[in-house]
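All remarks here apply to the structure that follows.
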Amino acid sequence: MNITVRQDFSEFLKFIKTLSIETITHDDKNLAEIRKAHVQFLALLTTAGELVFPSGAAQAQFAEDYTEIGQKYLGEVVSDSSEFIMCVLLGLCRSSGGTLRSAIESYLKAFSAKEQPLILQRTSVPDVFNDAAGVKFFSSGVGRSVIADLKGIYGDLNAYVHTVSDNHMFGAIAIGSFPRWSDKNVQLIALFIRTVRLFIYGFVGTRRDLYDRFDHRNKVIVNRAMTRVQRRSAMGVDE
């Protein structure tokens, strides 16, 4: 092995062994953003736990209404959201945007696949949105609102993923640049919060019957993830 390659590989291994994201927590502003994202992520985990896991109070009915495919894709929503968090903490902003887009697509498929099986074969994102818009879950007032807002967020994420301007460039030129924190992290976390709020709002507002079966402690966690306006709308207060 060339001596330069060997020396550089040694430095690379040293970086891997010492890599830590702890420094991100040394800034109170960073912590505030991470805390807001955690509120949403915990609500998403809680919702999935009630709907997907055998111990969930609404699991059986969810499986009947949306089948195993629905459960699988709702699990992917959680998986994508978990990956988003790890990527954004490391400063992998373009990857963060990609995984959050994937979460949106998985959410649409979770509640649409039973009525529109063709959605699982779609390679065009507009087709995925169009298929989802035609199913019962997304045909209510809440569902239509969620679809429209998710489309907007998806477009914003495209700007990061495809680097449409200097404002969407990240400037990390080597592995040793990570982890890093910048205004891009904050912007992407804001998009994550909006997205998961829509996931929660769409579910609670459309399937109150399933939400009502949740453990009362889990309801508190889920409610906290929505805005006041979303919560009132989902609960039918303003009807």
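Atom CZ of Arg208 has more than 12 neighbouring heavy atoms from other residues, nucleotides or ligands inside a 6.0 Å radius. Atom NZ of Lys114 has more than 12 heavy atoms from other residues, nucleotides or ligands within 6.0 Å.
Between the side chains of Asn218 and Glu50, at least one donor N or O lies within less than 3.5 Å of an accepting N or O.
Residues Phe111 and Tyr66 bring their aromatic ring centres within 6.0 Å.
Between Tyr73 and Lys109, the closest heavy-atom pair is CE2-CD, 3.7 Å. The shortest heavy-atom contact between Phe41 and Val78 is CE1-O, 4.1 Å. Of all non-hydrogen atoms in Arg213 and Ala57, the two that sit nearest each other are O-CB, 3.1 Å. Listed here is the closest heavy atom pair of Asp80 and Ala103: OD2-N, 3.2 Å. Of all heavy-atom pairs spanning Leu51 and Phe214, the tightest one is CD2-CE1, 4.1 Å. Nearest heavy atoms, Cys93 versus Lys184: SG-CB, 3.9 Å.
Glu105 meets the side-chain hydrogen bond (donor to acceptor under 3.5 Å, both in side chains) test with Tyr154; sequence neighbours excluded. For Tyr201, the ring-ring contact (aromatic ring centres under 6.0 Å, His included) test picks out no residue, with sequence neighbours left out.
Between Glu33 and Asn185 there is no side-chain heavy-atom pair separated by less than 4.5 Å. Within the 4.5 Å cutoff, the side chain of Thr23 has no heavy atoms near those of the Trp181 side chain. Within the 4.5 Å cutoff, the side chain of Asp156 has no heavy atoms near those of the Gln187 side chain. With contacts defined as side-chain heavy-atom distances shorter than 4.5 Å, the pair Tyr211/Thr47 does not qualify. Between Leu198 and Gln230, some side-chain heavy-atom pair lies under the 4.5 Å cut-off.
Of the inter-residue distances, the one linking Asp127 atom CG with Gln121 atom CD reads 11.5 Å to the nearest 0.5 angstrom. Asp65 CG to Gln71 CD: the interatomic distance, rounded to the nearest 0.5 Å, is 10.5 Å. Atom-to-atom distance recorded for Ser140:OG and Arg144:CZ is 6.5 Å, nearest 0.5 angstrom. Rounded to the nearest 0.5 angstrom, Ser233 OG and Arg231 CZ are separated by 11.5 Å. Here the straight-line distance linking atom CE of Met226 with atom CZ of Arg228 works out to 13.0 Å at 0.5 Å rounding. Taking CG of Leu157 as the reference point, atom OG of Ser102 lies at 11.5 Å (rounded to 0.5 Å).
Hydrophobic clustering, with ILVMFWY side chains joined whenever heavy atoms are under 4.5 angstrom apart, groups Leu150 together with Leu191. One hydrophobic cluster, built from ILVMFWY side chains closer than 4.5 Å, holds both Ile69 and Leu74. Follow the hydrophobic side-chain contacts under 4.5 Å out from Leu31 and you never reach Leu42; the two are in separate clusters. Note: the hydrophobic cluster containing Ile221 does not contain Phe62 (ILVMFWY, side chain heavy atoms under 4.5 Å, direct or indirect links). At a threshold of 4.5 Å between side-chain heavy atoms, the hydrophobic network of Ile, Leu, Val, Met, Phe, Trp and Tyr places Ile147 and Val125 in one connected group.
Ser106 places no side-chain N or O within 3.5 Å of a backbone atom of Val77 that could act as its donor or acceptor partner. Between the Gln40 side chain and the Ala225 main chain, a donor and an acceptor come within less than 3.5 Å of each other. Checking side-chain atoms of Ser10 against main-chain N and O of Arg6 turns up no donor-acceptor pair under 3.5 Å. Looking only at distances, no side-chain donor or acceptor of Asn30 sits under 3.5 Å from a matching main-chain atom of Thr25. Under the 3.5 Å distance criterion, the side-chain polar atoms of Thr18 are matched with a main-chain donor or acceptor of Lys14.
Under the 30°/60° scheme for interplanar angles, the aromatic rings of Phe12 and Phe15 are found to lie parallel. In this pair, Phe138 and Tyr107 present their aromatic rings perpendicular. The plane angle is above 60°, beyond the 30 to 60° band.
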Verdict with supporting geometry, Val128 and Ile104, side chain to side chain contact (heavy atoms under 4.5 Å, CB included):
CA-CA 10 Å; Val128 172; Ile104 292 173; over 6 Å; no

Audit row: Asp131, Arg122, side chain to side chain contact (heavy atoms under 4.5 Å, CB included) steps and yes/no
CA-CA 9 Å; Asp131 284 349; Arg122 298 296 195 188; 2.8 Å; yes

Between Asp27 and Lys29, does the salt bridge (Lys or Arg N to Asp or Glu O under 4.0 Å) criterion hold? Intermediate values first, please.
CA-CA 5 Å; Asp27 188 309; Lys29 291 183 179 179; over 6 Å; no

Phe137 vs Ser112, test: side chain to side chain contact (heavy atoms under 4.5 Å, CB included). Steps then yes/no.
CA-CA 7 Å; Phe137 185 90; Ser112 303; over 6 Å; no

Show, in sequence, the C-alpha distance, side-chain angles and deciding distance for Thr67 and Lys72, and conclude whether the side chain to side chain contact (heavy atoms under 4.5 Å, CB included) test is met.
CA-CA 9 Å; Thr67 75; Lys72 177 180 178 181; over 6 Å; no

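At a threshold of 4.0 Å, the pair Asp215-Arg217 counts as salt-bridged, since one of the basic side-chain nitrogens sits closer than that to a carboxylate oxygen. Arg194 has no carboxylate O lying under 4.0 Å from a charged side-chain N of Asp149, or vice versa, which leaves the two without a salt bridge.
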